[in-house]
Amino acid sequence: MSKGDGLMRREELKDKLKTYMATIRLSGYESRMAYQFKADVEAYADHVKIDKLGNVIATFEGTDPEAPSLMVFAHMDVIGFVISRIEPDGFIRFERVGGISEKIAQGNAVMVGSEDGRFYPGIIGAKAYHIQSNDEKAKVDPFSTLFIDIGAVSERQVRELGIEVGCPITFAPRFVELLNDRIGGTYLDDAAGLVNLLQIASAIKAKPPKCTVHLVGTVMEEFNARGAMMAARSVKTDMAICLLGPGAGDTPDQKSVNNVVLGGGPAVTLFNFHGKGTLNGNIAHKGLYELLKKAAQENGIPLQRSAARGALSDTAYLQLENDGIPCLDMGTPDRYSHSPMESCDLKDLEQVGRLVAALIDSVDRDFPLHRY
Ligand SMILES: [Zn+2]
(Lines give C-alpha, C1' and ligand atoms only; values in the text may rest on other atoms or scores of the structure.)
Protein backbone atom coordinates (compact mmCIF):
# COMPACT_ATOMS: atom_id res chain seq x y z
CA MET A 1 0.00 0.00 0.00
CA SER A 2 1.03 3.59 -0.49
CA LYS A 3 2.42 5.47 2.49
CA GLY A 4 1.98 9.16 3.38
CA ASP A 5 3.99 10.48 0.43
CA GLY A 6 1.63 8.66 -1.95
CA LEU A 7 4.44 6.62 -3.48
CA MET A 8 3.83 2.97 -4.34
CA ARG A 9 6.12 0.51 -2.56
CA ARG A 10 8.31 -2.22 -3.98
CA GLU A 11 5.83 -5.15 -3.81
CA GLU A 12 3.13 -3.07 -5.47
CA LEU A 13 5.58 -1.97 -8.17
CA LYS A 14 6.65 -5.57 -8.77
CA ASP A 15 3.06 -6.76 -9.25
CA LYS A 16 2.34 -4.00 -11.73
CA LEU A 17 5.62 -4.61 -13.53
CA LYS A 18 4.71 -8.28 -13.94
CA THR A 19 1.31 -7.34 -15.41
CA TYR A 20 2.79 -4.86 -17.88
CA MET A 21 5.62 -7.20 -18.92
CA ALA A 22 2.96 -9.77 -19.85
CA THR A 23 0.70 -7.37 -21.75
CA ILE A 24 0.98 -7.95 -25.50
CA ARG A 25 1.70 -4.62 -27.17
CA LEU A 26 3.73 -4.71 -30.36
CA SER A 27 4.64 -1.31 -31.77
CA GLY A 28 1.62 -0.04 -33.71
CA TYR A 29 -0.67 -2.56 -31.95
CA GLU A 30 -0.65 -1.09 -28.43
CA SER A 31 -4.39 -0.93 -27.71
CA ARG A 32 -4.39 -3.59 -24.94
CA MET A 33 -1.67 -1.73 -23.11
CA ALA A 34 -3.29 1.65 -23.76
CA TYR A 35 -6.61 0.65 -22.19
CA GLN A 36 -4.86 -1.15 -19.31
CA PHE A 37 -2.67 1.87 -18.59
CA LYS A 38 -5.60 4.29 -18.96
CA ALA A 39 -7.62 2.30 -16.39
CA ASP A 40 -4.65 2.23 -13.98
CA VAL A 41 -3.79 5.93 -14.21
CA GLU A 42 -7.46 6.94 -13.93
CA ALA A 43 -7.23 5.94 -10.28
CA TYR A 44 -5.12 9.09 -9.78
CA ALA A 45 -5.88 11.55 -12.61
CA ASP A 46 -8.99 13.60 -13.34
CA HIS A 47 -8.36 13.91 -17.07
CA VAL A 48 -7.16 10.93 -19.09
CA LYS A 49 -7.55 10.64 -22.85
CA ILE A 50 -6.29 8.44 -25.66
CA ASP A 51 -5.32 10.42 -28.76
CA LYS A 52 -5.88 9.34 -32.38
CA LEU A 53 -2.56 7.46 -32.57
CA GLY A 54 -3.08 5.73 -29.22
CA ASN A 55 -1.01 7.82 -26.78
CA VAL A 56 -2.56 7.77 -23.29
CA ILE A 57 -2.42 11.28 -21.78
CA ALA A 58 -3.17 11.90 -18.08
CA THR A 59 -3.13 15.57 -17.12
CA PHE A 60 -2.71 16.90 -13.57
CA GLU A 61 -3.35 20.65 -13.32
CA GLY A 62 -0.71 22.49 -11.30
CA THR A 63 -1.48 24.90 -8.47
CA ASP A 64 0.47 27.74 -10.16
CA PRO A 65 -0.59 28.55 -13.75
CA GLU A 66 2.67 30.53 -14.19
CA ALA A 67 4.87 27.47 -13.61
CA PRO A 68 6.12 25.71 -16.78
CA SER A 69 4.35 22.48 -17.69
CA LEU A 70 6.12 19.13 -17.79
CA MET A 71 5.40 15.98 -19.77
CA VAL A 72 6.79 12.74 -18.31
CA PHE A 73 6.42 9.77 -20.59
CA ALA A 74 7.27 6.12 -21.15
CA HIS A 75 6.65 4.10 -24.26
CA MET A 76 3.94 1.43 -24.19
CA ASP A 77 5.00 -0.46 -27.32
CA VAL A 78 7.54 -3.27 -27.66
CA ILE A 79 9.72 -4.86 -30.30
CA GLY A 80 8.57 -8.04 -32.05
CA PHE A 81 7.58 -9.26 -35.48
CA VAL A 82 4.86 -8.98 -38.11
CA ILE A 83 3.63 -11.80 -40.36
CA SER A 84 4.97 -11.47 -43.91
CA ARG A 85 3.83 -14.80 -45.44
CA ILE A 86 1.86 -17.91 -44.55
CA GLU A 87 3.26 -21.07 -46.12
CA PRO A 88 0.96 -23.73 -47.69
CA ASP A 89 1.91 -26.15 -44.90
CA GLY A 90 0.97 -23.68 -42.14
CA PHE A 91 4.39 -22.29 -41.19
CA ILE A 92 4.55 -18.53 -40.70
CA ARG A 93 7.26 -16.22 -42.07
CA PHE A 94 7.88 -12.86 -40.44
CA GLU A 95 9.64 -9.49 -40.51
CA ARG A 96 11.19 -7.83 -37.48
CA VAL A 97 9.57 -4.75 -35.91
CA GLY A 98 12.15 -2.68 -34.05
CA GLY A 99 15.70 -3.62 -33.16
CA ILE A 100 15.91 -7.40 -32.73
CA SER A 101 19.09 -9.29 -33.45
CA GLU A 102 18.90 -12.50 -35.48
CA LYS A 103 21.06 -14.05 -32.77
CA ILE A 104 18.31 -14.20 -30.17
CA ALA A 105 15.34 -15.27 -32.30
CA GLN A 106 15.43 -19.04 -32.79
CA GLY A 107 14.09 -21.36 -30.11
CA ASN A 108 11.86 -18.72 -28.56
CA ALA A 109 8.21 -19.04 -27.62
CA VAL A 110 6.07 -16.36 -29.26
CA MET A 111 2.46 -15.21 -29.34
CA VAL A 112 0.91 -14.88 -32.80
CA GLY A 113 -1.98 -12.46 -33.21
CA SER A 114 -5.13 -12.70 -35.30
CA GLU A 115 -7.06 -9.89 -36.94
CA ASP A 116 -9.77 -10.13 -34.26
CA GLY A 117 -7.25 -9.58 -31.46
CA ARG A 118 -6.72 -13.12 -30.18
CA PHE A 119 -3.24 -14.58 -29.66
CA TYR A 120 -1.97 -18.10 -30.20
CA PRO A 121 1.25 -19.67 -28.89
CA GLY A 122 3.98 -20.51 -31.35
CA ILE A 123 7.67 -21.43 -31.60
CA ILE A 124 10.41 -19.91 -33.73
CA GLY A 125 11.80 -23.14 -35.13
CA ALA A 126 15.46 -24.01 -34.58
CA LYS A 127 17.28 -26.73 -36.48
CA ALA A 128 18.34 -29.61 -34.22
CA TYR A 129 22.01 -29.50 -33.19
CA HIS A 130 22.75 -33.03 -34.36
CA ILE A 131 21.72 -32.34 -37.96
CA GLN A 132 23.68 -29.08 -38.26
CA SER A 133 26.96 -29.01 -40.16
CA ASN A 134 30.01 -27.56 -38.40
CA ASP A 135 29.57 -24.35 -40.40
CA GLU A 136 25.91 -24.04 -39.47
CA LYS A 137 26.54 -24.32 -35.71
CA ALA A 138 28.38 -21.01 -35.53
CA LYS A 139 26.35 -19.19 -38.18
CA VAL A 140 23.47 -16.79 -37.55
CA ASP A 141 20.45 -17.40 -39.78
CA PRO A 142 18.81 -14.31 -41.34
CA PHE A 143 15.16 -13.62 -40.53
CA SER A 144 14.18 -14.38 -44.12
CA THR A 145 15.01 -18.06 -43.49
CA LEU A 146 13.23 -18.38 -40.12
CA PHE A 147 9.68 -19.58 -39.51
CA ILE A 148 7.10 -19.88 -36.75
CA ASP A 149 5.27 -23.10 -35.95
CA ILE A 150 1.87 -22.71 -34.26
CA GLY A 151 1.08 -26.38 -34.73
CA ALA A 152 -1.03 -25.75 -37.82
CA VAL A 153 -0.93 -28.28 -40.68
CA SER A 154 -2.13 -26.01 -43.48
CA GLU A 155 -2.40 -22.39 -44.60
CA ARG A 156 -6.17 -22.80 -44.42
CA GLN A 157 -6.05 -23.77 -40.75
CA VAL A 158 -4.01 -20.65 -39.98
CA ARG A 159 -6.37 -18.38 -41.91
CA GLU A 160 -9.44 -19.91 -40.26
CA LEU A 161 -8.11 -18.53 -36.97
CA GLY A 162 -8.06 -15.02 -38.48
CA ILE A 163 -4.25 -15.03 -38.65
CA GLU A 164 -3.25 -13.08 -41.76
CA VAL A 165 -0.26 -11.27 -43.26
CA GLY A 166 0.24 -8.09 -41.20
CA CYS A 167 -0.75 -9.61 -37.85
CA PRO A 168 1.52 -8.94 -34.83
CA ILE A 169 3.89 -11.37 -33.10
CA THR A 170 5.64 -10.84 -29.77
CA PHE A 171 7.78 -12.92 -27.46
CA ALA A 172 5.67 -15.04 -25.08
CA PRO A 173 5.53 -13.38 -21.63
CA ARG A 174 8.21 -14.39 -19.12
CA PHE A 175 8.80 -13.17 -15.57
CA VAL A 176 11.38 -14.53 -13.14
CA GLU A 177 12.56 -13.24 -9.79
CA LEU A 178 16.35 -13.25 -9.54
CA LEU A 179 18.54 -12.71 -6.48
CA ASN A 180 18.93 -9.26 -4.90
CA ASP A 181 15.49 -7.87 -5.88
CA ARG A 182 16.30 -8.31 -9.56
CA ILE A 183 13.75 -9.23 -12.19
CA GLY A 184 14.21 -11.00 -15.50
CA GLY A 185 11.76 -11.34 -18.34
CA THR A 186 10.12 -9.98 -21.44
CA TYR A 187 9.67 -6.35 -22.24
CA LEU A 188 11.00 -4.53 -19.20
CA ASP A 189 11.67 -1.98 -21.96
CA ASP A 190 9.59 -0.01 -21.21
CA ALA A 191 7.27 -1.66 -18.65
CA ALA A 192 9.64 -0.17 -16.08
CA GLY A 193 8.91 3.39 -17.23
CA LEU A 194 5.15 2.78 -17.31
CA VAL A 195 5.21 1.52 -13.72
CA ASN A 196 7.15 4.65 -12.75
CA LEU A 197 4.40 6.78 -14.32
CA LEU A 198 1.84 5.18 -11.98
CA GLN A 199 4.21 5.68 -9.05
CA ILE A 200 4.55 9.37 -9.98
CA ALA A 201 0.77 9.70 -10.49
CA SER A 202 0.15 8.44 -6.96
CA ALA A 203 2.66 10.95 -5.57
CA ILE A 204 1.12 13.87 -7.47
CA LYS A 205 -2.34 12.88 -6.32
CA ALA A 206 -1.16 12.91 -2.69
CA LYS A 207 0.69 16.23 -3.04
CA PRO A 208 -0.32 18.36 -6.07
CA PRO A 209 2.71 20.23 -7.49
CA LYS A 210 2.88 23.82 -8.70
CA CYS A 211 3.49 22.82 -12.32
CA THR A 212 0.97 21.14 -14.60
CA VAL A 213 2.11 17.57 -15.34
CA HIS A 214 1.16 15.35 -18.26
CA LEU A 215 1.93 11.68 -17.66
CA VAL A 216 1.91 9.97 -21.05
CA GLY A 217 2.13 6.36 -22.23
CA THR A 218 3.36 6.70 -25.81
CA VAL A 219 3.08 4.58 -28.96
CA MET A 220 5.54 3.52 -31.67
CA GLU A 221 8.86 4.28 -29.96
CA GLU A 222 10.34 1.01 -31.21
CA PHE A 223 9.03 1.71 -34.73
CA ASN A 224 9.91 5.33 -35.42
CA ALA A 225 10.51 7.08 -32.04
CA ARG A 226 7.87 9.70 -32.81
CA GLY A 227 4.78 8.82 -30.73
CA ALA A 228 5.75 11.26 -27.97
CA MET A 229 6.10 14.01 -30.57
CA MET A 230 2.39 13.69 -31.37
CA ALA A 231 1.45 13.76 -27.68
CA ALA A 232 3.48 16.97 -27.20
CA ARG A 233 1.67 18.65 -30.09
CA SER A 234 -1.56 17.98 -28.27
CA VAL A 235 -0.58 19.00 -24.71
CA LYS A 236 1.85 21.82 -25.69
CA THR A 237 4.26 20.98 -22.90
CA ASP A 238 7.10 23.34 -21.99
CA MET A 239 9.56 20.50 -21.22
CA ALA A 240 9.71 16.72 -21.08
CA ILE A 241 11.31 13.77 -19.32
CA CYS A 242 11.51 10.40 -21.05
CA LEU A 243 11.57 7.46 -18.61
CA LEU A 244 13.84 4.99 -20.31
CA GLY A 245 16.81 3.50 -18.56
CA PRO A 246 20.18 3.27 -20.29
CA GLY A 247 21.85 -0.11 -20.61
CA ALA A 248 24.06 -1.10 -17.67
CA GLY A 249 27.73 -1.70 -18.42
CA ASP A 250 28.36 -4.19 -15.62
CA THR A 251 28.10 -7.55 -17.43
CA PRO A 252 31.23 -9.45 -18.57
CA ASP A 253 30.67 -8.39 -22.19
CA GLN A 254 30.05 -4.71 -21.39
CA LYS A 255 32.94 -3.81 -19.09
CA SER A 256 34.47 -0.47 -20.09
CA VAL A 257 31.36 0.68 -21.97
CA ASN A 258 30.04 2.91 -19.17
CA ASN A 259 29.86 3.22 -15.38
CA VAL A 260 26.18 2.28 -15.05
CA VAL A 261 25.48 -0.72 -12.81
CA LEU A 262 22.33 -2.55 -11.79
CA GLY A 263 21.40 -1.59 -8.23
CA GLY A 264 23.37 1.67 -8.43
CA GLY A 265 20.25 3.86 -8.63
CA PRO A 266 18.48 5.84 -11.37
CA ALA A 267 20.55 6.71 -14.45
CA VAL A 268 20.41 9.81 -16.61
CA THR A 269 21.46 9.84 -20.26
CA LEU A 270 23.52 12.97 -20.88
CA PHE A 271 24.27 12.15 -24.50
CA ASN A 272 22.90 9.66 -26.98
CA PHE A 273 23.22 9.50 -30.73
CA HIS A 274 21.86 6.89 -33.08
CA GLY A 275 24.52 7.21 -35.77
CA LYS A 276 23.43 4.18 -37.84
CA GLY A 277 22.05 6.16 -40.74
CA THR A 278 19.94 8.31 -38.41
CA LEU A 279 21.55 11.63 -37.55
CA ASN A 280 19.70 12.16 -34.31
CA GLY A 281 19.88 11.77 -30.57
CA ASN A 282 19.62 13.97 -27.51
CA ILE A 283 22.01 16.00 -25.41
CA ALA A 284 20.37 16.49 -22.03
CA HIS A 285 18.97 19.95 -21.30
CA LYS A 286 21.29 21.53 -18.75
CA GLY A 287 18.51 23.11 -16.69
CA LEU A 288 16.57 19.85 -16.36
CA TYR A 289 19.76 17.97 -15.57
CA GLU A 290 20.68 20.41 -12.79
CA LEU A 291 17.15 20.11 -11.40
CA LEU A 292 17.48 16.30 -11.43
CA LYS A 293 20.85 16.42 -9.66
CA LYS A 294 19.46 18.74 -6.98
CA ALA A 295 16.40 16.50 -6.40
CA ALA A 296 18.71 13.46 -6.12
CA GLN A 297 21.05 15.17 -3.63
CA GLU A 298 18.24 16.54 -1.46
CA ASN A 299 16.53 13.16 -1.26
CA GLY A 300 19.62 10.98 -0.78
CA ILE A 301 19.09 9.15 -4.09
CA PRO A 302 22.18 8.12 -6.08
CA LEU A 303 22.32 9.24 -9.72
CA GLN A 304 24.28 7.39 -12.40
CA ARG A 305 25.34 8.94 -15.70
CA SER A 306 25.41 7.53 -19.21
CA ALA A 307 26.78 8.93 -22.48
CA ALA A 308 26.87 6.62 -25.49
CA ARG A 309 26.35 6.28 -29.21
CA GLY A 310 24.16 3.67 -30.86
CA ALA A 311 20.69 4.44 -29.57
CA LEU A 312 18.11 7.20 -29.36
CA SER A 313 14.65 7.69 -27.90
CA ASP A 314 11.59 9.83 -28.69
CA THR A 315 13.40 12.84 -27.22
CA ALA A 316 15.46 13.08 -30.44
CA TYR A 317 12.34 14.22 -32.28
CA LEU A 318 10.34 15.60 -29.38
CA GLN A 319 12.93 18.33 -28.67
CA LEU A 320 12.26 19.81 -32.14
CA GLU A 321 8.52 20.27 -31.54
CA ASN A 322 6.66 23.54 -30.96
CA ASP A 323 9.31 26.22 -30.34
CA GLY A 324 11.76 23.68 -28.90
CA ILE A 325 11.17 21.37 -25.93
CA PRO A 326 13.91 20.87 -23.32
CA CYS A 327 14.26 17.10 -22.90
CA LEU A 328 15.94 14.62 -20.58
CA ASP A 329 16.18 10.81 -20.77
CA MET A 330 16.49 8.95 -17.48
CA GLY A 331 15.24 5.79 -15.85
CA THR A 332 15.94 2.32 -14.52
CA PRO A 333 19.18 0.76 -15.85
CA ASP A 334 18.63 -2.51 -17.67
CA ARG A 335 20.62 -5.48 -18.94
CA TYR A 336 20.04 -7.52 -22.11
CA SER A 337 17.79 -4.88 -23.67
CA HIS A 338 15.85 -5.99 -26.77
CA SER A 339 16.30 -9.66 -25.91
CA PRO A 340 13.48 -11.96 -24.68
CA MET A 341 14.98 -11.91 -21.16
CA GLU A 342 15.81 -8.38 -20.05
CA SER A 343 16.75 -7.59 -16.47
CA CYS A 344 16.52 -4.75 -13.95
CA ASP A 345 16.72 -4.13 -10.21
CA LEU A 346 13.51 -3.24 -8.32
CA LYS A 347 15.46 -0.96 -5.96
CA ASP A 348 16.48 1.19 -8.96
CA LEU A 349 12.92 1.16 -10.26
CA GLU A 350 11.53 2.38 -6.96
CA GLN A 351 14.11 5.17 -6.75
CA VAL A 352 13.38 6.42 -10.27
CA GLY A 353 9.76 7.16 -9.32
CA ARG A 354 10.81 8.80 -6.05
CA LEU A 355 13.38 10.95 -7.84
CA VAL A 356 11.06 12.18 -10.60
CA ALA A 357 8.29 12.89 -8.07
CA ALA A 358 10.80 14.99 -6.09
CA LEU A 359 11.90 16.82 -9.25
CA ILE A 360 8.28 17.60 -10.15
CA ASP A 361 7.69 18.93 -6.66
CA SER A 362 10.61 21.36 -7.08
CA VAL A 363 9.49 22.96 -10.39
CA ASP A 364 8.22 26.50 -9.91
CA ARG A 365 7.65 29.60 -12.04
CA ASP A 366 11.34 30.57 -11.74
CA PHE A 367 12.63 27.40 -13.42
CA PRO A 368 14.98 28.48 -16.27
CA LEU A 369 13.78 26.94 -19.53
CA HIS A 370 16.63 28.43 -21.53
CA ARG A 371 19.68 26.31 -22.24
CA TYR A 372 22.38 27.78 -20.04
ZN1 LIG B 1 13.54 -0.40 -26.83
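One-based numbering along the sequence shown. Just follow the structure's listing: the first ligand is 1, and inside any ligand the first atom is 1. Given the structure is predicted, the values throughout are model-derived calculations rather than measurements.
A cation-pi geometry, defined here as NZ or CZ lying under 6.0 Å from the six-membered ring centre and within 45° of its normal, holds between Arg226 and Tyr317. The side-chain tip of Lys205 does not point at the ring of Phe60 from less than 6.0 angstrom away and within 45° of straight on.
Ring planes of His285 and Phe367: tilted class, angle from 30 to 60°.
Nearest N, O or S atom of Glu222 to the Zn ion (ligand 1): atom OE2.
Of the N and O atoms on the side chains of Ser69 and Asp238, at least one donor lies less than 3.5 Å from an acceptor on the other residue.
Under 2.8 Å from the Zn ion (ligand 1) lies no N/O/S atom of Asp190, from backbone or side chain alike. The nearest N, O or S atom of Asp189 is closer to the Zn ion (ligand 1) than 2.8 Å. The Zn ion (ligand 1) lies under 2.8 Å from an N, O or S atom belonging to His338.
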